[in-house]
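In this chain, residues are counted from 1 in sequence order.
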Amino acid sequence: MKPFSFRLDSILNYRNYLEKRARRNLANAISEYIGWEREIERLSKKRIEIAGKCSDEGLRGMDVPKYHMYRSFLQKVGDDLERATMSLKKTEEKIEEKKAALKSDSIKKKTLKTLKDLQRKRYMHRLETEEQKTIDELVIMKR
């Protein structure tokens, strides 16, 4: 009898590739999320530091142009922080999409793998019955 071959092996390989690609995309989205978290943390620290400096100089007596410079710089840092927060939320949504895609690809691959395993079991069972049949025939012929 010919050896076992699964006719959908190429599709199974392609599903495996799609799952790996989905995992890679998810990992990239997670690293992007971590980058935005770090950026938010950096901007928050910078904002606190600048506000502290402005407060210190205000106590010592600061002229108006310098105060406007601090205020505009704090406004810019605040805007950057807001943009980073929005990007973080978008990236979080992106991660959820990537997780759903990964789950879908994983289910499709596992379905084909299960089908392959079932067909292999059927093949092995059929092979065993045929071997048993030929052994039985040989025994009968000997007698």
Side-chain angles (χ1 to χ4, degrees), residues 1-140:
M1 186 169 213
K2 65 180 181 176
F4 175 76
S5 66
F6 185 59
R7 290 186 299 161
L8 302 175
D9 244 349
S10 58
I11 295 173
L12 181 60
N13 291 338
Y14 181 66
R15 297 270 188 218
N16 201 10
Y17 162 75
L18 289 177
E19 184 186 24
K20 285 180 183 177
R21 188 175 73 180
R23 282 186 197 281
R24 202 171 340 144
N25 290 341
L26 178 61
N28 290 340
I30 289 172
S31 67
E32 182 181 346
Y33 182 83
I34 291 169
W36 283 117
E37 281 182 333
R38 287 183 183 152
E39 181 69 11
I40 288 173
E41 185 178 324
R42 184 187 68 80
L43 288 171
S44 295
K45 286 180 181 177
K46 190 173 192 177
R47 186 176 182 184
I48 291 169
E49 178 186 326
I50 297 300
K53 285 181 181 178
C54 181
S55 174
D56 289 345
E57 286 205 27
L59 292 175
R60 283 187 259 145
M62 178 180 3
D63 57 347
V64 174
K66 199 169 194 179
Y67 172 74
H68 284 296
M69 184 180 69
Y70 271 114
R71 200 177 95 205
S72 64
F73 189 69
L74 281 172
Q75 181 67 36
K76 171 70 170 120
V77 171
D79 291 344
D80 289 347
L81 188 61
E82 189 176 319
R83 279 192 209 101
T85 304
M86 293 297 292
S87 295
L88 182 74
K89 288 180 182 177
K90 286 180 184 177
T91 306
E92 193 173 324
E93 293 170 2
K94 194 174 169 183
I95 285 174
E96 292 304 317
E97 290 174 9
K98 302 292 182 183
K99 280 182 181 178
L102 174 62
K103 186 175 183 179
S104 172
D105 288 342
S106 180
I107 288 172
K108 288 177 183 178
K109 185 194 89 168
K110 286 179 183 177
T111 303
L112 273 177
K113 193 166 177 70
T114 303
L115 178 64
K116 181 179 180 178
D117 292 341
L118 285 173
Q119 285 186 1
R120 182 182 299 273
K121 282 182 184 178
R122 287 182 189 146
Y123 174 80
M124 295 306 282
H125 180 68
R126 191 175 23 177
L127 184 66
E128 288 173 7
T129 56
E130 285 183 13
E131 284 179 0
Q132 187 62 41
K133 183 179 173 185
T134 52
I135 290 173
D136 289 345
E137 286 177 358
L138 283 174
V139 169
I140 291 175

OH-CZ distance between Tyr67 and Arg71, expressed to the nearest 0.5 angstrom: 5.5 Å

Heavy-atom closest pair, residues Leu74 and Arg47: CD2-O, 3.7 Å

Donor-acceptor contact present, side-chain Ser55 to main-chain Ala51, <3.5 Å: no

Non-hydrogen atoms of Ile107 and Thr111 that approach each other most closely: O-OG1, 2.7 Å

Pairing residues for Phe4 by the ring-ring contact (aromatic ring centres under 6.0 Å, His included) criterion, not counting sequence neighbours: Tyr123

Residues forming a salt bridge (Lys or Arg N to Asp or Glu O under 4.0 Å) with Glu19, sequence neighbours excluded: Arg23, Lys109

Close side-chain approach of Arg120 to Met124, heavy-atom, < 4.5 Å: yes

Over 12 foreign heavy atoms within 6.0 Å of CZ, Arg38: no

Atom pair CG (Leu112) and CZ (Phe6), whose distance is rounded to the nearest 0.5 Å: 5.5 Å

Contacts table for residues 8-16: side-chain donor-acceptor under 3.5 angstrom, sequence neighbours left out:
{"unit_1": "Asp9", "atom_1": "OD1", "unit_2": "Lys116", "atom_2": "NZ", "d": "3.2"}
{"unit_1": "Asn13", "atom_1": "ND2", "unit_2": "Asp9", "atom_2": "O", "d": "3.4"}

Which side-chain N or O atoms in residues 87-103 pair as donor and acceptor under 3.5 Å with protein atoms at least two apart or in another chain?
{"unit_1": "Ser87", "atom_1": "OG", "unit_2": "Arg83", "atom_2": "O", "d": "3.1"}
{"unit_1": "Thr91", "atom_1": "OG1", "unit_2": "Ser87", "atom_2": "O", "d": "2.7"}
{"unit_1": "Lys94", "atom_1": "NZ", "unit_2": "Glu32", "atom_2": "OE1", "d": "3.1"}

Distance (rounded to the nearest 0.5 Å) between Ser106 OG and Lys113 NZ: 11.5 Å

Test side-chain contact (heavy atoms from CB on, under 4.5 Å) applied to Ile140 and Glu137, step by step: CA-CA 5 Å; Ile140 291 175; Glu137 286 177 358; 5.7 Å; no

Residues in side-chain contact (heavy atoms from CB on, under 4.5 Å) contact with Asp136, at least two apart in sequence or another chain: Gln132

Interatomic spacing from CD in Gln75 to CG in Asp80 - rounded to 0.5 Å: 10.0 Å

Heavy-atom neighbours of Glu82 CD exceed 12 at 6.0 Å: no

Working for salt bridge (charged side-chain N to carboxylate O under 4.0 Å, His left out), residues Glu39 and Arg42: CA-CA 5 Å; Glu39 181 69 11; Arg42 184 187 68 80; 2.6 Å; yes

Salt bridge (Lys or Arg N to Asp or Glu O under 4.0 Å) partners of Lys53, counting only residues at least two apart: Glu49

Pair Glu130-Thr134, side-chain contact (heavy atoms from CB on, under 4.5 Å): steps then yes or no: CA-CA 6 Å; Glu130 285 183 13; Thr134 52; 5.8 Å; no

Within 6.0 Å of CE in Met86, more than 12 heavy atoms from elsewhere: no

